Amino acid sequence: MYRHLEHRLAQRLLECLQRRHPGVALPDAVIEQPPKVELGDFAIPIFPFAKPLRSAPLKIAEAIRAEIGQIEGIAEMQVAPPGYLNVRIDRAWMAAALAADQKPPAAIPPGKILVEHSSINPNKAAHIGHLRNAILGDTFVRLLRFAGREVDIQNYIDNTGVQVADVVVGFTHIEKKSRADIEALTRQPRFDYYCWDLYARVSQWYAEDKQNLQARLQTLHAIEDAASDTAAVAELISVAVLRRHLETMDRLDIEYDFLPRESEILHLHFWDTAFAKLKESGVLTFEGEGKNKGCWVMRRAGTGKASSTTEDTGDTEEITEEDQKVIVRSNGTVGYVGKDIAYHMWKFGLLGRDFGYRKFYRYPHTHDCWISSIEGEKDHPHFGDVAEIYNVIDARQSEAQNTVIEALRGLGHNEAADHYTHFSYEMVALTPRCAAELGYTLSEEDKARSYIEVSGRKGFGVKADDLLDQLIASAKKEVDSRHPQVSDPERLQIATQIAIGALRYFMLKYTKQSVIAFDFKEALSFEGETGPYAQYAVVRATSIFRKAGADPETFCKDAGSVGASDLAKNLIGEAANEIWELWLASSKTSYVIDQSIATTEPAYLAKHVFQLAQLFNTFYHRHPILSEPDEKRKQFLLATVAVVRRELIRTLAVMGITVPPVM
RNA sequence: GCGCCCUUAGCUCAGUUGGAUAGAGCGUCUGGCUACGAACCAGAAGGUCGGGAGUUCGAAUCUCUCAGGGCGCACCA
């Protein structure tokens, strides 16, 4: 509702000014919130209009106030020095709409959106860095779906790269395991943990003797031949680890629709098709000399002149060696960026080829996750060919991402490039204290740092499942002591919901560009600005209704529970400001979700959820509800609780957080 | 060397398109449970928004500059 009113206000303001001053070019009106509720609900700074209208801000504000006329949902306007127009919402009108859960129609842009996230190398257990990626991506998907968009979720699997090859080397060269041995191991629980340790050992083994790196090269080469035994082993390992990753993410209610794999990009000749187009369009040039002799290269993103300033002749200008990105190596093999270009052409439906598909993993509620395959099943959903994409990939890969975008531009697909968003975020590192707790010896230099980067190669990091286990155990202890009368399975269920709430909120409360310095103490906290804080507010609200013998879901819909006159009586006036703030905050769900999408910043939603919960807790303490003697007043207070509860549950759900019945 | 990002309270971070007195959480100190559950609330202390210059009616926010930190810049992914 808040969003709707804001739009209406902006539109009417513009109309009013245009009527008064026909033909004058005016800046867009900025609508913000006043620092205090006492001042009003919207504040419009009039200063930007002073110059073009050659008049004092206060005078203009006064004129608008007098001439804008009646606006539905707006009660009054006040001019405030030095030049604001403060607008008050018609509180009873807004509250009635909110109580009835009215949703004004919003224009939904057409076209499907593809969100790619997680994309964990299938060679070892997922760690906290991967959790940040998956939680950001999954939350963004939920934001888009809340806004009415159709979304496909993809998780790109690099199953033919060095990382998988390294673990294969570990099994075959260090542990000398047979294919049957490995197959047996993959059936063990948490096979990904086994690989985590083995991967670290392999890195160690390479460091011991550079000759050992020969094994990596041979293995890497053998994997590319789909018929080889090595390829079969790699497939065995990568599929088993991938399955573990899906299980881990499933614990957090994170699901995928499709898992495109690099092996299919290779074997279904996506690259060959892309390569031909890239050569034809001149995006790729062949280097005849220099250090990149024999390679096909393109200009690295962000180097050289902007494409718009180059002459239209399209001559392939010389790219200095420094600015060259090798796409095809001199031995004829294609690198990661090249495969990514082909993949992204496919995403936008620009390649003219498709994957084979088969079912891979079934989520509860009969949702299937599909995986790429060479042959594939006859009937399958249609993937790719989308209007917009978001790639949740950490900030370190921004240059590679931009190179892919530039390749699309070079191919003439500007529209696709414009709808390609690198959803960039910073890594999760460990505080020195946390690293020490994990048993790592730190150099003096490291101790002085504010954070230390995790390293899969060294086996240095916090595994996702371990963190979840710890969170659940910690929450379980609390629930056990608070609710001894509840059955153990139920207590575990509650503890799990709390753990997920804590984890997801923790990963979402930081803005994307902030490096998270991970610390168990903070991550395991259930107090203050945390998920459980918000969950607790809902539990309290639910509890009130339980004791009142009413259903919070239907309370407001039941006709006559709270009449318009009661809303007005309880909401209008200075004394009601505090409760009104709570209603106002509850009205902002769509507004905040729009902002989060437009800025690709889920933290904005997290902040809002916390603020709403905080306002509710304050209200809760100040206003005893069940003991309220005035029955009409009591009904109003209950309606307030019902509305806040509904919006908290809604916004938490967008963050992937559910609320237990008690906690 | 080039490119991107960061520097706000003791610590960890918000601060949306430049707007009214810069905000949270944690920690510290002081209070509040005969309960609509204290995983909570009230209050206190704590800030030259890294330094400097500029643009503007107005700058934590934009520009320039200096200092400090991080991350990229492979025929790796």
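In this text, all values refer to a predicted model and were calculated from it rather than measured experimentally. Within every chain, numbering begins at 1; the chains are lettered A, B, ... in the order of the sequence lines, protein sequences first and strands thereafter. When reading the values below, keep in mind they use all heavy atoms of this one structure, side chains included, and skip hydrogens, waters and symmetry mates.
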Does A:Y510 make a side-chain N or O approach to OP1 or OP2 of B:C6 shorter than 4.0 Å? no
Taking any strand in view, what nucleotide pairs with B:U56 in a Watson-Crick or G-U wobble way, both distances under 3.5 Å? none
Please determine if a side-chain N or O atom of A:R449 lies less than 4.0 Å away from the OP1 or OP2 oxygen of B:G70. yes
OP1 or OP2 of B:C26 less than 4.0 angstrom from a side-chain nitrogen or oxygen of A:S525, does that happen here? no
Check whether the side chains of A:Q324 and A:E287 place a donor and an acceptor atom closer than 3.5 Å, and report yes or no. yes
Provide the distance between the two P atoms, one in B:G3 and one in B:G15, to the nearest whole Å. 27 Å
What's A:I327 touching, base or sugar-phosphate or nothing? Going by heavy atoms closer than 4.0 Å. nothing
For B:A24, which nucleotide in any strand shown is its Watson-Crick or wobble partner with both distances under 3.5 Å? B:U12
Contact class for A:E527 vs. all strands (heavy atom < 4.0 Å): base, sugar-phosphate, or nothing? sugar-phosphate
Please tell me if A:K509 has a side-chain N or O lying less than 4.0 Å from either OP1 or OP2 of B:G25. no
Take A:K607 and A:Q33, find for each the nucleotide of RNA chain B with the closest heavy atom, and name the residue whose nucleotide sits nearer the 5' end. A:K607
Strictly by Watson-Crick or wobble contacts shorter than 3.5 Å, is anything paired with B:A39, and which nucleotide is it? none
Is any side-chain heavy atom of A:E478 closer than 4.5 Å to a side-chain heavy atom of A:R491? no
Do the side-chain N or O atoms of A:Y536 get closer than 4.0 angstrom to the phosphate oxygens (OP1, OP2) of B:A39? yes
Give the rounded distance in Å between these two atoms: CD1 of A:I60 and C1' of B:C57. 12 Å
Could you please name the partner base of B:G47, counting Watson-Crick and G-U wobble pairs only when both distances are under 3.5 Å? none
Can you find a pair of side-chain heavy atoms, one from A:L612 and one from A:Q614, that are under 4.5 Å apart? no
Should the side chain of A:S330 and the base of B:C75 be counted as holding a donor-acceptor pair, with the cut-off at 3.5 Å? yes
Checking all strands, does A:Q614 fall into the base, sugar-phosphate, or nothing category for heavy-atom contacts under 4.0 angstrom? sugar-phosphate
Polar side chain donor-acceptor pair, A:R457 to A:Y199, under 3.5 angstrom: yes
Evaluate the salt bridge (charged side-chain N to carboxylate O under 4.0 Å, His left out) criterion for residues A:D41 and A:R88: first the C-alpha distance (whole Å), next the side-chain angles of each, then the deciding distance (0.1 Å), finally the verdict. CA-CA 5 Å; A:D41 304 307; A:R88 267 180 228 284; over 6 Å; no
5'-most by nearest nucleotide on RNA chain B - A:H623 or A:K339: A:H623
Assign A:A50 to base, sugar-phosphate, or nothing according to its heavy-atom contacts below 4.0 angstrom with the strands shown. nothing
Rounding to the closest angstrom, what is the interatomic distance between B:A22 and B:U28 at atom P? 27 Å
Does A:N123 reach a base, just sugar-phosphate, or nothing at all? Heavy atoms under 4.0 Å. nothing
Given the structure, check if the side chain of A:N292 and the base of B:A74 hold any donor-acceptor pair shorter than 3.5 Å. no
